[in-house]
Amino acid sequence: MLLLIILFNSTIRIMAGQRVRTRFAPSPTGYLHVGGLRTALYNYLFAKKMKGDFIIRIEDTDQSRKVEGAQQNLIKTLEWAGIVADESPEHGGDYGPYVQSERLHIYNQYCQQLLEDKNAYYCFSTPEELEENRQLQIKQGLQPKYNRKWLPEEIGGSMPSSEIRKKMESGAPYVIRMKVPDYVSVWFEDIIRGPIEFDSSTIDDQVLMKSDGFPTYHFASVIDDHLMEFTHIIRGEEWLSSMPKHLLLYEFFGWEPPKVAHLPLLLNPDRSKLSKRQGDVAVEDYIRKGYSSEAIVNFVALLGWNEGEGSEKEVYSMEELIEKFSLERVGKAGAVFNIDKLNWLEKQYIKNRPAEKIIQVIKPLLLAELEKRTSLQQREVITSDDYLLQVIELMRERVGFEHEFVTFSSYFFFEPETFEEEGVKKRWNADTNDLLRDFVIELESLEEFSTELIETKLKEFVAPKGLKAAALIHPLRILTSGLSFGPSLYHMLEVLGKETVIRRILSGIEKIAVPV
RNA sequence: GGCCCCAUCGACUAGUGGUUAGGUCAUCACCCUUUCAAGGUGGUAGCACGGGUUCGAAUCCCGUUGGGGUCACCA
């Protein structure tokens with residue numbers, strides 16, 4: 001048995017001070033997966049950390065799976081997250097085209113070379129034949145593998161070249177397969193995982209060119225990764241087992257392979273590979289729900305990476321991530337996508353976000369809502385920056401998403417339509433409505449409708465009656481907001497304004513079912 | 001099943017031979033409080049198992065178990 005050790009070492013080139021180039025290479029089959037976002041992010045962070053370039057390449061070699069608009073959507077979503085490519089199909093660059101379907105002539109050229117060097121061969125087996133063969137092997141307890149029926153005689157197979165020529169001339173469809181050498185040990189060093197070794201006898205003669213003339217992923221990505229001069233390939237762990245095929249191709253061409261890092265997978269709560277069925281996997285889903293790019297990026301960055309050195313930091317901006325990121329500190333084990341932590345991060349960002357930025361987001365939402373419903377409050381008032389600012393400061397520690405400033409606290413803009421039943425039952429007694437009517441008179445007498453004066457007035461009103469402030473506080477909250485919970489009552493009343501508060505109390509009383 | 005990868009609280013993780021195994025989320029209790037949050041304090045909770053190596057292993061080695069990935073003319 002011949003045992004060859006193929007050693008790959010690309011440190012020389014990197015050490016020579018070559019500019020770092022990384023890539024994210026999605027196929028345009030739909031939305032951006034959160035796992036894809038993390039892969040793109042790590043590529044981006046590493047490139048930027050190293051003062052290098054991050055590139056997007058579109059892998060559309062499967063024409064049947066191509067989805068219209070997916071490419072633009074992918075790039076747009078990445079940019080939403082703050083990941084902007086230095087080179088891409090949309091922005092161009094010196095290594096284009098960046099879409100594989102536009103590079104067919106290149107793959108053909110390199111495939112010819114492989115054919116000439118006897119490192120690849122034509123295969124005329126039909127899909128049916130292959131499937132039949134596969135089933136047979138499974139039945140016999142063997143590993144499903146191509147039976148090398150069309151491997152030419154001159155490279156160790158059993159097919160005479162006359163047969164191959166005859167078949168070719170008949171115009172039969174064919175694919176081109178790589179000839180994987182027998183009993184070769186393929187060894188490489190993964191930046192995250194360390195040394196990994198494969199035996200070539202477990203590797204199938206991979207199809208390089210499909211019968212439709214398009215290359216397979218394996219072939220196209222190796223050619224492009226080389227021609228586009230990437231220094232580091234950072235991708236998901238699911239690609240680990242195809243490394244030997246890729247390395248063999250680099251060897252065939254005499255090319256120096258880039259350094260590689262295989263990222264741990266993102267997992268479902270049951271620890272299987274993150275998938276639909278068990279929750280949202282599209283970044284677009286999270287955008288739609290109202291998550292901010294800061295929170296998503298921060299969260300996804302921490303899934304598999306940490307700063308180390310005893311750091312207890314949890315909240316990172318993109319700039320901080322770039323500064324601190326390193327591939328050496330990426331873990332090896334898969335990470336469960338834990339929505340609770342994401343929600344917590346989102347709250348952290350809302351708590352600290354400048355009000356002006358929040359206003360920019362919620363004002364359009366409010367205006368859209370005003371198209372649908374009418375408000376008894378003055379439109380100019382409740383849509384003013386000044387009013388929104390007050391609402392934000394009262395609510396920012398109570399909402400989970402920005403849109404909740406409008407939905408969760410809609411009573412700042414619209415009349416409450418219902419009054420929380422539980423709250424009414426708990427806070428009302430036979431005298432409550434009379435008490436409220438009397439208190440409205442007190443409120444009317446207030447010249448300045450401020451937090452402090454409202455509070456003083458309420459306490460002065462309640463004390464001589466031998467009542468607690470709570471006897472009025474809770475009913476007031478329910479009448480003015482419809483809810484039994486919310487921000488500080490006095491502050492809330494001030495923001496709402498005297499007129500609105502009094503109107504709501506009086507009209508609310510009529511609707512409340514007072515317990516007997 | 002073959003090959004490959006992985007293994008610290010429920011989750012994300014720190015830890016690289018000597019720590020009362022630390023932090024964050026979640027959870028529980030208490031405090032604050034008109035409510036709900038936020039905040040504060042404290043608690044529950046973890047080195048999968050078995051062998052080595054060593055004066056000493058979460059840390060190093062081997063094995064077991066468990067989990068995952070991959071075995072397409074898909075990426």
Side-chain angles (χ1 to χ4, degrees), chain A residues 25-29 59-62 64-65 100 123 125-127 130-131 134 138 141-146 173-177 190 192-193 196-199 201-204 206-218 220-221 236-244 262 264-265 267 269-273 299 302-315 329 331-345 347 351 394-400 423 426-427 455 458 468-474 476-478 481 483-490 492:
Chain A
S27 57
T29 53
E59 311 226 320
D60 61 343
T61 53
D62 184 349
S64 64
R65 291 211 309 161
Q100 291 186 327
C123 166
S125 297
T126 63
L130 293 170
E131 185 53 31
R134 193 173 298 130
I138 291 170
L142 297 167
Q143 287 314 304
K145 211 174 156 187
Y146 177 55
Y174 62 86
V175 301
I176 296 168
R177 288 178 184 271
D190 188 283
I192 294 169
R193 286 152 213 284
I196 297 173
E197 192 176 0
F198 289 86
D199 188 319
S201 59
T202 63
I203 305 163
D204 212 350
Q206 178 65 43
V207 171
L208 264 21
M209 294 295 278
K210 299 181 274 187
S211 56
D212 63 359
F214 279 74
T216 57
Y217 162 81
H218 301 285
S221 77
E237 192 187 340
E238 67 265 34
W239 297 110
L240 195 55
S241 32
S242 42
M243 259 310 272
H262 287 94
L265 259 21
L267 271 25
D270 72 354
R271 303 205 78 84
S272 59
K273 187 172 162 182
F299 174 64
L302 259 19
L303 249 27
W305 172 85
N306 73 84
E307 191 183 332
E309 287 173 15
S311 169
E312 284 170 5
K313 193 173 165 67
E314 301 284 340
V315 181
R329 291 217 54 88
K332 300 184 223 273
V336 173
F337 191 91
N338 177 218
I339 200 83
D340 283 331
K341 183 91 174 250
L342 209 209
N343 289 338
W344 174 79
L345 269 172
K347 281 194 166 193
K351 231 162 67 182
L394 245 33
M395 294 302 295
R396 73 188 316 156
E397 282 177 351
R398 289 163 234 267
V399 299
K426 188 172 171 190
R427 304 297 186 182
E455 180 169 2
L458 187 139
K468 284 184 175 176
L472 216 42
I473 284 172
H474 297 293
L476 281 170
R477 175 186 298 288
I478 292 176
S481 74
L483 301 172
S484 66
F485 58 88
S488 152
L489 178 80
Y490 306 118
M492 182 175 100

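Excluded from the calculations below are hydrogen atoms, water molecules and symmetry mates; all remaining heavy atoms, backbone and side chain alike, are included. First the proteins, then the strands, lettered A, B, ... as listed; each starts at 1.
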How about K426(A): does its NZ atom have over 12 heavy atoms from other parts shown lying under 6.0 Å from it?
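No - once you tally the heavy atoms of other residues, nucleotides and ligands closer than 6.0 Å, there are 12 at most.
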
Distance check, [atom1] atoms only: [N] and [M], in whole angstrom units.
| N | M | atom1 | result |
| --- | --- | --- | --- |
| C6(B) | C62(B) | P | 12 Å |
| C31(B) | U24(B) | C1' | 22 Å |
| C61(B) | G43(B) | P | 36 Å |

Given atom [atom1] of [X] and atom [atom2] of [N], what is their separation to the nearest angstrom?
| X | N | atom1 | atom2 | value |
| --- | --- | --- | --- | --- |
| F299(A) | C25(B) | CZ | P | 14 Å |
| M395(A) | A38(B) | CE | C1' | 12 Å |
| E397(A) | U35(B) | CD | P | 16 Å |
| L483(A) | U34(B) | CG | C1' | 15 Å |
| L472(A) | U35(B) | CG | P | 15 Å |
| E307(A) | U13(B) | CD | P | 15 Å |
| L303(A) | A11(B) | CG | C1' | 10 Å |
| L394(A) | U35(B) | CG | P | 16 Å |

Would you mind pulling out the nucleotide paired to [N], Watson-Crick or G-U wobble, both distances under 3.5 Å?
| N | result |
| --- | --- |
| U20(B) | none |
| U27(B) | G43(B) |
| G1(B) | C71(B) |
| A58(B) | none |
| G66(B) | C6(B) |

Of the candidates C73(B), C25(B), U34(B), the side chain of R477(A) sits closest to U34(B)

Select base, sugar-phosphate, or nothing to describe what [X] touches, counting heavy atoms under 4.0 Å on all strands.
| X | value |
| --- | --- |
| K351(A) | sugar-phosphate |
| K273(A) | sugar-phosphate |
| R177(A) | sugar-phosphate |

Practice task
Check the pair R427(A) / R477(A) against side-chain contact (heavy atoms from CB on, under 4.5 Å), numbers first and verdict last.
Solution key: CA-CA 10 Å; R427(A) 304 297 186 182; R477(A) 175 186 298 288; over 6 Å; no

pair I138(A)-R134(A): side-chain heavy atoms closer than 4.5 Å:
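The answer is yes; the side chains approach within 4.5 Å.
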
Please step through side-chain contact (heavy atoms from CB on, under 4.5 Å) for the pair Y146(A) and S125(A), ending with a clear verdict.
-> CA-CA 10 Å; Y146(A) 177 55; S125(A) 297; 3.5 Å; yes

Go through the steps for L476(A) and L458(A) under the test side-chain contact (heavy atoms from CB on, under 4.5 Å), then give the verdict. CA-CA 11 Å; L476(A) 281 170; L458(A) 187 139; 3.6 Å; yes

Can you tabulate the close N/O pairs, meaning under 3.5 Å, that link protein atoms to atoms of nucleotides 57-63 of chain B?
none

Polar pairs (N or O, both sides) under 3.5 Å between protein and nucleotides 1-10 of chain B?
| unit_1 | atom_1 | unit_2 | atom_2 | d |
| --- | --- | --- | --- | --- |
| G1(B) | N2 | Q143(A) | OE1 | 2.6 |
| G2(B) | O4' | Q143(A) | NE2 | 3.2 |
| C5(B) | O2' | R193(A) | NH1 | 2.5 |
| C5(B) | O2' | E237(A) | OE2 | 3.1 |

